[in-house]
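In what follows, every chain begins at residue 1, and chains take the letters A, B, ... in the order their sequences are listed.
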There are 2 protein chains.
Amino acid sequence: MRAGIKPEIVIATAADIADRIGWEQITLANVAGQLGIKTPSLYNHVEGLPDLRQKLALYASEQLRDQLHDAAIGHTGKQAFIEVGKAYVAFVRQHPGLYEAINRVSEPKPQMFEQTSEAILNLFIRLMQPLGIPSEEAVHAIRGLRSMVHGFASLEAMGGFQMQEDLMESLSKTITYYIDGLSKHFN
Amino acid sequence: MRAGIKPEIVIATAADIADRIGWEQITLANVAGQLGIKTPSLYNHVEGLPDLRQKLALYASEQLRDQLHDAAIGHTGKQAFIEVGKAYVAFVRQHPGLYEAINRVSEPKPQMFEQTSEAILNLFIRLMQPLGIPSEEAVHAIRGLRSMVHGFASLEAMGGFQMQEDLMESLSKTITYYIDGLSKHFN
DNA sequence: TGCATAAACTAATGATATTAGTTATTATAA
DNA sequence: TTATAATAACTAATATCATTAGTTTATGCA
């Protein structure tokens with residue numbers, strides 16, 4: 001019998017498993033089982049479990065990049081960061097397994113993955129332009145923003161917050177305080 | 001032969017492996033090998049791999065709590081947060097495997113672990129008292145700080161920053177901006 | 001229709017965690 | 001000091017993985 005599996009379907013299946021029952025549960029046995037084929041058949045589509053994980057990480061990072069770019073459209077200044085930050089946290093809520101795949105990508109990271117990460121970093125850099133931060137300070141400022149947003153998303157993903165109802169509010173307040181303090185220093 | 005293994009030695013061995021070659025490498029085979037005993041003998045000291053991981057997470061969170069408390073001594077206000085933040089990042093640098101153990105602790109988390117996490121949260125809360133933030137806003141403010149510090153540590157641990165030389169500077173600047181913006185809002 | 005390729009399969013290997021049952025060592029109490 | 005109970009090692013066996021090798025079957029194209 002022939003199931004007609006495409007590489008993308010394998011990734012999609014792994015993504016589904018990751019978001020549904022956790023990244024740890026991405027095993028070749030689980031993926032093959034959900035696809036209705038035997039484990040060794042997967043080797044026709046991916047080069048093994050590490051390869052599958054890396055391909056999933058790439059897929060996930062592209063999704064995240066796209067959603068962050070979408071969220072930034074039509075906003076500038078402080079509000080742009082708030083929108084992107086919310087989109088970041090929302091992505092992690094919707095796709096905890098994919099976010100884990102991004103964070104657990106093993107070295108050496110695929111080149112395309114590095115590129116996508118860079119694209120996300122560039123988004124932050126561009127959004128920071130209008131604030132008029134001196135360029136030698138901008139690297140620190142952006143590190144702070146990335147850390148903040150990642151910190152919120154990551155802590156929530158690992159169940160680090162008690163009540164997640166008003167977490168978006170915490171995030172937008174935090175970004176507000178940070179950008180205000182930042183602006184005050186350089187204006 | 002009898003090796004005279006104490007439970008603490010098993011945890012210490014797992015900690016050593018985690019920091020040296022990575023959390024993923026904590027296997028019963030590795031731990032037993034380093035202790036000079038056979039894998040099944042470990043079941044006399046821990047109840048299996050998940051139990052060992054949880055005990056290691058508890059041990060790690062206690063270490064982190066102690067180091068953060070130490071760092072806070074003798075400081076108040078903005079500077080206290082900077083010191084604690086630096087200690088946090090320093091801990092993750094020194095003990096990447098232990099930090100991973102904390103973050104990968106599986107549900108349900110041991111009660112003692114929850115207590116230790118709460119102690120760390122309480123440290124942040126106490127340090128924030130002098131800033132005079134209204135109590136209904138303090139929860140947001142503390143979430144922001146935790147996220148920031150965790151974000152820095154976590155991003156560095158996963159190799160998310162290019163150059164880590166001046167990372168401490170980025171962290172202290174970020175905390176400064178944040179606390180300044182926060183203070184401005186409520187004074 | 002025939003052939004090359006893609007994609008499934010079976011079988012086998014080695015690493016892992018885990019359980020059960022056994023033996024040896026140590027500590028303690030008579 | 002010796003007998004006994006406990007502790008902590010062991011061997012043997014099983015189940016689940018990932019992985020490799022070799023084989024078969026289905027598909028698409030000349």
Restricting both atoms to N or O, compile the protein contacts to nucleotides 10-16 of chain C shorter than 3.5 Å, with distance only.
none

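Side chain of A:Y59 to main chain of A:L98: no donor-acceptor pair is present (N/O by atom type, distance under 3.5 Å, no hydrogens or angles).
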Which atom pairs, one a donor and one an acceptor, fall under 3.5 Å between side chains of residues 142-154 of chain A and the rest of the protein, sequence neighbours left out?
residue	atom	partner	partner atom	Å
A:R143	NH1	B:D166	OD1	3.2
A:R143	NH1	B:S170	OG	3.0
A:R143	NH2	B:M163	O	2.7
A:R146	NH1	B:G160	O	3.3
A:R146	NH2	B:G160	O	3.2
A:S147	OG	A:R143	O	2.8
A:H150	ND1	A:Y99	OH	2.5
A:H150	NE2	B:S154	OG	2.8
A:S154	OG	B:H150	NE2	2.8

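Atom CG in A:L42 sits roughly 15 Å away from atom C1' in C:dA6 (whole-Å rounding). Atom CZ of A:R53 and atom C1' of D:dA18 are 10 Å apart (whole Å). Taking atom CD1 of residue A:I26 and atom P of nucleotide D:dT16, one finds them 20 Å apart after rounding to whole Å. Residue B:E24 contributes atom CD, which lies 15 Å from atom C1' of D:dA18 at whole-angstrom precision. Distance, B:I37 CD1 to D:dA9 C1': 8 Å, rounded to whole Å. Protein atom NE2 of A:H45 is 12 Å distant from nucleotide atom C1' of C:dC9, rounded to whole Å.
Judged as a salt bridge (Lys or Arg N to Asp or Glu O under 4.0 Å), the pairs with a partner in residues 74-97 of chain A (not counting sequence neighbours) are, in order, A:K78-A:D180, A:R93-A:E156.
Surrounding CD of A:Q162 are at most 12 heavy atoms belonging to other residues, nucleotides or ligands under 6.0 Å away.
A:K55 has no carboxylate O lying under 4.0 Å from a charged side-chain N of A:E47, or vice versa, which leaves the two without a salt bridge.
Note: the hydrophobic cluster containing A:M158 also contains B:M158 (ILVMFWY, side chain heavy atoms under 4.5 Å, direct or indirect links).
One cannot find a donor-acceptor pair under 3.5 Å joining the base of C:dA6 and the side-chain atoms of A:N44.
Residue-to-nucleotide proximity on DNA chain D shows that, of A:Y43 and B:T39, the 5′-proximal contact is made by B:T39.
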